[in-house]
Amino acid sequence: MSLVAPPGTSTHAGPGGYASDLLSLVMEANWEQLSHAPGIRRRTIPATMNPGKTTTTERMLYYSGHTRRIGDVDEGSTVTDFLPAERSRGITIQSAAVTFHWPPLGEVSDVKTGVPQSHIPHTINLIDTPGHADFTFEVLRSLRILDGAVCILDGVAGVEAQTEKVWAQANRYSIPRIVFVNKLDRDGAAFERTVKEVGTRLRGWPAICQIPWWEGGKGKFMGVGDAINLCALKWEGGDGKRIQTYDMEELKQYDAGLRDELIQARLALVEILCEFDEVLLSTWLEHNDDALKVPPQAIRDSLRRCILDGSGRLIPVFAGASFRNIGVQPLLDAVDNFLPNPKERPDPEISLNGQEYKLSELLRGDLPVITAAHKRMVKKSHSPKELVAQIEGCALAFKVANHPKRGVLVYIRVYSGSIKRNASLWNTNLHVSEQAQRLLQMQASDALEISHIPAGQIGVIAGLKHARTGDTLVSYHGHNSKTGPPAPLNTLQLRPIEIPPPVFFAAIEPDSLSEEKNVKEILQLMLREDPSLHVNIDEESGQMLLSGMGELHLEIARDRLVNDFKAKATMGNIEISYRECVLSPTAAHRVLFDRDIAGKKAKAACEASVGPIDEVSPTESHTVERDGNRITILVIGSLGENSSEGDSSLPTDLPLPTIQAALVNGAVAALARGPRRNFPLHASHVTLKFESTTDLFGSDTSPAALSSASRLAVGAALNEAFDGGNIGLMEPVMNVVISCNEGSLGTIVHDISSARGGHVLSLENDGNEDASSDLPSIDPQRIYAPPDPFASGGGMDKAGPGQQRQVTARVPLKEMVGYLKHLRSLTGGRGTFVMSVDRFERLSGPREKAV
Ligand SMILES: Nc1nc2c(ncn2[C@@H]2O[C@H](COP(=O)(O)OP(=O)(O)OP(=O)(O)O)[C@@H](O)[C@H]2O)c(=O)[nH]1
């Protein structure tokens with residue numbers, strides 16, 4: 001028996017091993033991801049509500065030397081949950097990014113080849129993400145930039161509906177993952193059951209790397225058995241830095257039961273790896289089919305190979321109880337050992353003009369869309385390849401945060417080239433240029449000024465005025481600051497993500513007229529931080545409506561507005577955001593706008609008509625989709641035909657893309673407020689016609705004048721529809737997935753279909769027939785897991801008698817308000833559900849009256 005420092009702190013490679021290209025690791029709420037190349041890792045923690053992501057993050061920061069004390073979620077003293085609203089509620093709202101090193105930099109000795117990755121310091125950028133379903137979008141957004149993730153599961157609750165949802169998205173982004181089963185100190189903790197649920201509900205084969213160690217097999221949770229290194233680790237209390245290791249010989253004396261189980265775990269681990277990895281299969285054969293003789297390093301290498309593709313078909317599983325400071329250091333080692341570095345990650349997805357490609361395809365310069373664009377160019381000073389070679393860097397803004405001292409910080413991940421200080425960045429979402437005046441690397445509470453952020457790295461741009469979370473920023477050699485890089489490069493989007501439509505709203509009332517401007521500015525900043533919030537300001541009345549994904553989402557937004565940003569305003573009741581729709585096509589309405597804007601003469605005209613989206617087929621002209629509506633812009637040139645980019649009838653300071661963007665903006669503003677009940681329009685198709693011979697008025701025609709003309713013309717068309725009784729109402733209908741036990745299935749199905757007007761779409765067992773997963777279902781009998789000492793029956797009975805069942809249904813949102821409480825009462829507190837917007841549906845007579 002020996003007293004050793006925790007794995008990952010004593011035997012690491014020396015300062016020489018700290019490669020200069022050390023990356024960092026990212027950890028998100030629910031997920032921890034680590035990237036690790038010759039030094040970089042990022043990890044995330046995905047999970048369900050409250051499985052302990054923030055608690056685990058606190059320990060990671062403490063053991064890595066990033067903090068001097070362990071913060072507590074319940075006391076509101078953690079590093080990553082720093083917003084007052086997070087601290088008062090004990091939940092994560094915004095994903096927080098922190099950078100630290102594992103193993104700690106000062107504690108390394110010599111670098112040797114062939115040592116585990118965890119012996120070489122890695123920079124880890126960790127993102128701690130939220131768990132509540134209202135913030136799912138925040139999690140999905142963070143997933144796009146992760147190189148790897150740690151999924152933290154609650155060992156009592158197991159795999160929950162929310163875990164499955166985030167897991168499926170991680171599959172889509174091919175993110176390598178490991179699972180940490182937390183809270184094993186709690187009454188009712190069931191490691192075996194949780195592992196089997198990982199297999200059946202997440203559809204990956206669990207590769208158990210650690211098994212829980214309960215005192216005497218049934219007592220206090222005190223450590224883990226390590227199936228890779230064939231030893232047991234016992235935490236000695238306190239801050240968790242003192243860990244005793246027991247080798248297999250010592251275990252014979254100390255806990256023979258654990259030793260026997262550890263042997264089973266090692267056999268199962270090698271067996272499952274051999275099924276996926278031929279290299280390990282050969283090693284096993286070389287060791288006379290003896291799984292106990294396979295060297296730990298061969299197992300580590302194999303695990304790394306098996307999860308690298310991010311398919312989730314094999315899932316390494318670790319065990320612990322973060323709150324008791326048990327299991328966190330080996331988890332950090334696992335992040336170093338198994339999660340990939342940015343260079344090992346697949347090519348990111350991009351979109352150009354709405355078409356999907358891979359980034360490397362674009363950078364090679366041979367995409368047909370680029371060659372075609374080159375052919376259309378008037379000035380062909382570059383070949384298509386050279387056109388693309390002018391891209392100096394391209395990055396994704398994954399987080400915008402308002403720092404009390406440093407102002408607005410935009411966190412970016414660079415995907416190609418590098419972003420240099422003072423580079424002019426074209427924002428392909430907003431179509432504006434802004435300069436990256438200051439680049440920072442955030443280290444602990446310090447910010448280091450840097451000259452550039454290279455590909456694969458995460459950094460911060462300070463002082464940007466426009467960039468929002470989710471925007472793509474392109475640095476393009478010699479781009480025009482008004483129109484950006486040549487089309488279609490000006491539309492380049494990295495890993496685009498669809499923002500779900502908001503389904504709840506509330507009115508924001510500034511306390512006084514003088515406060516209005518301040519409130520609007522704060523709301524704009526909040527929107528930059530969180531693009532799943534929407535603000536709609538009525539031009540005429542000045543009324544502000546804030547909409548979002550759920551009631552909690554809006555409550556938190558109110559807390560941020562009033563308490564954090566100190567706005568003097570109140571928020572009205574939270575209500576369901578219905579939609580309005582146009583039932584039949586209107587006539588064309590031409591509007592001439594002729595008024596001063598900000599003291600300057602502004603004049604422009606255009607013609608608009610509106611109809612239902614299905615009945616007006618899209619034309620070949622410029623058509624965009626916005627908030628569930630379609631907008632077509634027809635710009636007629638001097639020759640009476642659709643203008644192309646080089647049309648000489650347009651003034652040079654008002655090129656075609658600027659006109660199109662201004663007209664679209666006006667239409668979007670008009671569609672944001674319907675004529676009937678002020679709800680946004682949905683499923684409507686606007687056609688806007690602009691003739692350069694009649695609708696342009698020299699230098700008086702500015703983008704602002706064009707937007708106003710378009711807003712008024714669309715408004716006039718909508719009013720015509722309203723006067724003719726042609727505006728209908730639509731309601732959000734949710735796709736609801738409920739997890740419950742067999743016993744309560746009948747009551748739930750009855751309640752959904754008769755009392756709530758829902759349609760049940762499917763009933764499944766344990767998610768095994770889940771058609772949304774590409775992976776084959778897994779028979780839980782074939783999954784190895786050590787028996788649960790506290791389980792009352794078989795392995796899968798957490799919800800009481802009977803199997804776990806999953807009900808998928810489509811239900812109007814109105815009927816789902818307050819459903820969690822009801823579901824809990826129907827299922828004895830055990831049922832859970834997730835929902836997302838499925839569609840908006842036209843309301844029938846009686847339902848319409850009820851709105
Ligand atoms: N008993 C026990 N409690 C834990 C453990 N880990 C976390 N907790 C408690 O669980 C609660 C939730 O922990 P958090 O760390 O906030 O969980 P989270 O996953 O970050 O939560 P959200 O981000 O809001 O989803 C807190 O009260 C923690 O003290 C553990 O290992 N054992």
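Numbers here are sequence positions counted from 1. Here the structure is a predicted model, which means the values were calculated and not measured. For ligands, and for the atoms within them, numbers begin at 1 and follow the listed sequence.
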Check A232 against W213 and note the closest heavy-atom contact, atom names and distance.
CB-CZ3, 3.5 Å
Classify the contact between N182 and ligand 1 as side chain, backbone, both or neither, using a heavy-atom distance cut-off of under 4.0 Å.
side chain
Using a 4.0 Å cutoff against the non-hydrogen atoms of R186, which atoms of ligand 1 qualify?
1 (N), 2 (C)
Purely on distance, is any nitrogen or oxygen of T54 under 3.5 Å from one on ligand 1?
yes
Strictly under 6.0 Å, is that where the ring centroids of F180 and F318 end up?
no
Should R324 be counted as touching ligand 1, given the test is an N or O pair under 3.5 Å?
no
Find all atoms of ligand 1 within a distance of less than 4.0 Å from any non-hydrogen atom belonging to G52, and give their numbers and elements.
7 (C), 13 (O), 14 (P), 15 (O), 17 (O), 18 (P), 19 (O)
Any chance you could lay out the side chain to side chain donor-acceptor pair (under 3.5 Å) test for N735 and S836, step after step, and finish with the verdict?
CA-CA 5 Å; N735 185 38; S836 54; 4.6 Å; no
So for ligand 1, is T56 a polar contact partner (N or O within less than 3.5 Å, distance only)?
no
Of the side chain and backbone of K183, name the one, both, or neither that has a heavy atom under 4.0 Å from an atom of ligand 1.
both
Fit a plane to each ring of F833 and Y819, take the angle between them on a 0 to 90° scale, and name the class: parallel (under 30°), tilted (30 to 60°) or perpendicular (over 60°).
perpendicular
Honestly, for I152 the part within reach of ligand 1 (heavy atoms, under 4.0 Å) is neither
If I take atom CH2 from residue W214 and atom CG from residue L258, how far apart are they, to the nearest 0.5 angstrom?
11.0 Å
Taking all heavy atoms of Q329 and all of K241, pick out the closest pair and write down the distance.
NE2-CA, 4.1 Å
Heteroatom proximity flag, L184 to ligand 1, N/O under 3.5 Å:
no
Can the ring centres of F221 and W235 be said to be less than 6.0 Å apart?
no
